[in-house]
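Input: a single structure, listed below in structure tokens.
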Amino acid sequence: DAGVIQSPRHEVTEMGQEVTLRCKPISGHNSLFWYRQTMMRGLELLIYFNNNVPIDDSGMPEDRFSAKMPNASFSTLKIQPSEPRDSAVYFCASTTTGGNEKLFFGSGTQLSVL
Amino acid sequence: GESVGLHLPTLSVQEGDNSIINCAYSNSASDYFIWYKQESGKGPQFIIDIRSNMDKRQGQRVTVLLNKTVKHLSLQIAATQPGDSAVYFCAENSGGSNYKLTFGKGTLLTVNP
């Protein structure tokens, strides 16, 4: 089992550029989460999908952030335009329970916006 | 225990000792609690969970204790090993939510050989 796969592992970009983060959840998992981690705010839930449908996007900071899940095996988180304050580690997590039990996290994408 | 701010609480123990990591959770309506371990450069990894109808749950070398009266959660690690060095987060299900978790700020555990 390869676990939750995220790409890229590291992304360095300039302010104003579009950034796309990718996630492949564990096969068979029907719930997918995007989290952001910073030293100041810790781990924050950005958006939650269940059966490919966005259920709660109240954690998405601004309209510059958008997320999609076109099928059960792929999700993207896009930031357009990116800003330096978006610099953080972005994690994708999945679970089979349909909720928040025993989330399996990917290794994260370290995003730096210059 | 947990705290807000730039500096993580730190616990330093000797290899072989027992470790106790504490967490104060915020919402009295939360009824599901989890401990995660995060090693450097990796995502959080599930360790153990507990529901509010229990006050103790044991796993392999780990025990979670829940005190709902004072909204306190602790993680005990027996015979701590160097591989246990990591940041440990407690999480609560945000007032009973079946999908939303509120994470604490984390405690850095360092195990000295």
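So you know, we letter chains A, B, ... as the sequences are listed, proteins then strands, and number each from 1. Computed from a predicted model, the values in this text were never measured in an experiment.
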Exercise. Under 6.0 Å from the CD atom of B:Q60, do we count more than 12 heavy atoms belonging to anything else shown?
Worked result: no

Exercise. Which pair of heavy atoms, one from B:F46 and one from A:L103, lies closest together, and at what distance?
Worked result: CB-O, 4.3 Å

Problem set entry | Pairwise distance CG(B:L101) to CZ(A:F33) - rounded to 0.5 angstrom | 7.0 Å

Seminar exercise, completed: Whatever's closer than 4.5 Å to a heavy atom in chain B on A:F104 counts as neither

Problem set entry | Segment of B:K100 engaging chain A (4.5 angstrom heavy-atom cut-off) | both

Problem set entry | In one Ile/Leu/Val/Met/Phe/Trp/Tyr side-chain cluster, 4.5 Å: A:Y90, A:Y48 | no

Problem set entry | Over 12 non-hydrogen atoms of neighbours within 6.0 angstrom of CD in B:E15 | yes

Problem set entry | same_hphob_cluster(B:M54, B:V64) at 4.5 Å side-chain heavy-atom cutoff | yes

For this session: Find out if a path of hydrophobic residues (ILVMFWY) with successive side-chain heavy-atom gaps under 4.5 Å connects A:W34 to A:V4.
Result: no

Problem set entry | Residue A:L45 versus chain B: region with a heavy atom under 4.5 Å | side chain

Seminar exercise, completed: Highest number of heavy-atom pairs under 4.5 Å with chain B among A:E44, A:R41, A:K102 belongs to A:K102

Seminar exercise, completed: Heavy atoms of A:Q37 and B:F89 approach each other most closely as NE2-CZ, 3.5 Å

Problem set entry | Heavy-atom contact with chain A under 4.5 Å, split by part of B:N93 | both

Exercise. Under a single-linkage definition using a 4.5 Å side-chain heavy-atom cutoff for Ile, Leu, Val, Met, Phe, Trp and Tyr, are A:L21 and A:Y35 assigned to the same hydrophobic cluster?
Worked result: no

Exercise. Are B:V13 and B:W35 grouped together when hydrophobic residues (ILVMFWY) are joined by side-chain heavy atoms under 4.5 angstrom apart?
Worked result: yes

For this session: Begin from the C-alpha positions of A:E101 and B:Y32 and carry the test side-chain contact (heavy atoms from CB on, under 4.5 Å) through to its verdict.
Result: CA-CA 9 Å; A:E101 297 185 24; B:Y32 177 62; 3.6 Å; yes

Seminar exercise, completed: Output for pair (A:F105 CZ, B:Y36 OH), nearest 0.5 Å, gives 5.0 Å

Exercise. Side-chain donor-acceptor pair under 3.5 Å between B:Y99 and A:D56, yes or no?
Worked result: yes

Exercise. Is chain B contacted by the side chain of A:T109, its backbone, both, or neither, given a heavy-atom distance below 4.5 Å?
Worked result: neither

For this session: Can you tell which part of B:Q38 gets under 4.5 Å to a heavy atom of chain A, answering side chain, backbone, both or neither?
Result: side chain

Problem set entry | Least distance between heavy atoms, B:G41 atom then A:R9 atom | O-NH2, 3.1 Å

For this session: Answer yes or no: are there more than 12 heavy-atom neighbours, outside B:N53 itself, under 6.0 Å from its atom CG?
Result: yes

Problem set entry | Other residues, nucleotides, ligands: >12 heavy atoms within 6.0 Å of A:K68 NZ | no

